[in-house]
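Sequence lines set the chain letters: A, B, ... in the order given, protein chains first and strands last, and positions in each chain run from 1.
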2 protein chains.
Amino acid sequence: MLSIGEFSKAAGLPVKTLRFYHEKGVLIPARVEANGYRYYDSRNLEAAQVIVALRTLEFPLDEIASLLSNCSSDEDILDHLTARREEVARKIQQQTDILSRIDMTLERERETRMTFAASASEIEEKHLEPVLIAGLRMKGRYPEMGKGFGQLGRKLGRKIAGAGMCLYHDREHREEDADFEPCFPISGKVTVPEFSVRELPGGRAITLVHVGSYEDLGRSYAKLFEHAEEKQLSLSCPSREVFLKGPGVFFKGDPAKYATEIQFLIADNE
Amino acid sequence: MLSIGEFSKAAGLPVKTLRFYHEKGVLIPARVEANGYRYYDSRNLEAAQVIVALRTLEFPLDEIASLLSNCSSDEDILDHLTARREEVARKIQQQTDILSRIDMTLERERETRMTFAASASEIEEKHLEPVLIAGLRMKGRYPEMGKGFGQLGRKLGRKIAGAGMCLYHDREHREEDADFEPCFPISGKVTVPEFSVRELPGGRAITLVHVGSYEDLGRSYAKLFEHAEEKQLSLSCPSREVFLKGPGVFFKGDPAKYATEIQFLIADNE
DNA sequence: GATTGACTCTCCAGTTGCTGGAAGCCGTAA
DNA sequence: TTACGGCTTCCAGCAACTGGAGAGTCAATC
């Protein structure tokens, strides 16, 4: 017969835990004196080892209690083991989901920083590479765009391969009934019926990175048009806005720091 | 301004949870009337969305609260995201460990059943295949064997490829100072200095499956020796016991149901 | 026999993120 | 007026402990 302190060392469980197990009926001491002192025997020690083994597999205590009173051989608990297995597999799946969501966000953020650092805030003429996108064409008001991106983001998940962008199929600014298409560059074929998956053409383009709130985009467009007129460039439709930095996944951030690259392909008319 | 019920629908959070978040200081309603009624505004809604997003990543509430009051942009929480990432990765690792331990046990049990079903309880002459083992030779009393198996099990882990067995290097039964070697068949090279890793030779053997407690093994040995004498077979050392079914990982089980195959290679003396 | 120090006891509270219930107030419609 | 729904606070419970307070017990020593 061991006192609780001795048994604690033998079983490798804290005294507090032993008292708790007693209270829960999981491990009942062989003898309890009138003064409340608990004394444990070798059968208790065996039970304690079973408990420890099952707890390392994170079996709940009440299940362990019932196993201890109903089972005497490993084969009796096979069902419980398979059930536990399912549960653990489910947990792993769930945590893996979380992990990949975090990784996506971090990846996204890192990339944002890269493209952002590489972009000047002046009018540039440069060559755009063709890019595979999935887009969702919508008609309405510009603020509706958020919902479009929401849908795209949810469905595309980890297929997203770059900063979100928007194509404007109108030749001029429209408050209502505008025709635009939020889209994401993607890394492989996607088959969602609502989305238009295609390759955006590359080519010579003039671009300008607009830093600040979307409400001031007009001024940057004006600059671009002015430049195009000077250089006698004819700009092709649709125009594109690449959201180098906009509202984040969690926080809106500061609109004064938003960065949006406006891109116009130059129509070759030779 | 929305009442708590309306806001609950808008934010997709139960009323109880909103009150709880208020109490915890995570989401404080824009206005609280003298009668205690809570009213929420659009800023609260934004905060609620941030909270929901961060909760799906299982951020703790107090961390969310501090993020909400200190951060306004996604880049502010990059550190927290990476920390969360670590934490989640740790959890996955841990659960994966548990999963593989469960799988090992299930695998073990399934195999036990197979070998058990395939074994007759009569003296048999059969051919044994060579088998790669890791063994731990010990001198002492038989009950010490348990510790040896414990060590082997812990170190070999998922390399174990079959039921445990024991080699007896003595030519006769010894209570004390016996020379025996608990071992496991293994699936690949193992380099633990204390263990002897080698191939057990195969060959013609006589075997008998002993069903019952280890204490009665003597009777089965006697049967075997008698048979060997009748047939004028000379038995080679070490003899082997294969523990088809013994005490389990968790429970001891019923000794009357233990099954142990005794194997003696037949010394070829042509 | 008294005292000391280690050991043990019970009871309560706190952890995390809610969830449920009881009892009671508030506002409105029939 | 009364019913009803919505709102309030407060308390309890989950799971598996952990920590602390305050008090009783044991064995040995002085």
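- When rounded to the nearest whole Å, the span between CD of A:E23 and P of D:dC14 equals 11 Å.
- Between B:K245 and A:E75 there is a salt bridge, since a side-chain N of the basic residue sits under 4.0 Å from a carboxylate O of the acidic one.
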Heteroatom pairs (N/O) under 3.5 angstrom, protein to nucleotides 6-8 of chain C:
from, atom 1, to, atom 2, distance (Å)
C:dT8, OP1, A:S3, OG, 2.8
C:dT8, OP1, A:G5, N, 2.8

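- As a whole-Å value, the separation of B:F7 CZ from D:dG6 P is 18 Å.
- A salt bridge links A:R31 to A:E33: at least one charged side-chain nitrogen sits closer than 4.0 Å to a carboxylate oxygen.
- For the pair B:K139 and B:E181, the salt-bridge criterion is not met [side-chain N within less than 4.0 Å of a carboxylate O].
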Assign a letter to each nucleotide of nucleotides 14-20 of chain C from its 5' end: B, base within under 4.0 Å of a protein heavy atom; S, sugar-phosphate only; -, no contact. ---BBSB
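- Between B:F149 and B:F184, the ring centre distance stays below 6.0 Å.
- With salt bridges taken as basic N to acidic carboxylate O contacts below 4.0 Å, none links B:E63 and B:R84.
- Within the structure, side-chain hydrogen bond (donor to acceptor under 3.5 Å, both in side chains) contacts touching residues 44-61 of chain B (residues at least two apart or in different chains) are A:Q94-B:E58, A:Q95-B:E58, A:R101-B:T56.
- Under the 4.0 Å criterion applied to side-chain N and carboxylate O atoms, B:R141 and B:E144 are not assigned as salt-bridge partners.
- Put simply, CG on A:L18 is 16 Å from C1' on C:dT10, counting in whole angstrom units.
- The side chain of A:N35 contributes an N or O atom lying less than 4.0 Å from OP1 or OP2 of D:dC26.
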Would you please test A:L136 and A:Q151 for side chain to side chain contact (heavy atoms under 4.5 Å, CB included) and show each step? CA-CA 9 Å; A:L136 178 60; A:Q151 262 192 63; 3.9 Å; yes
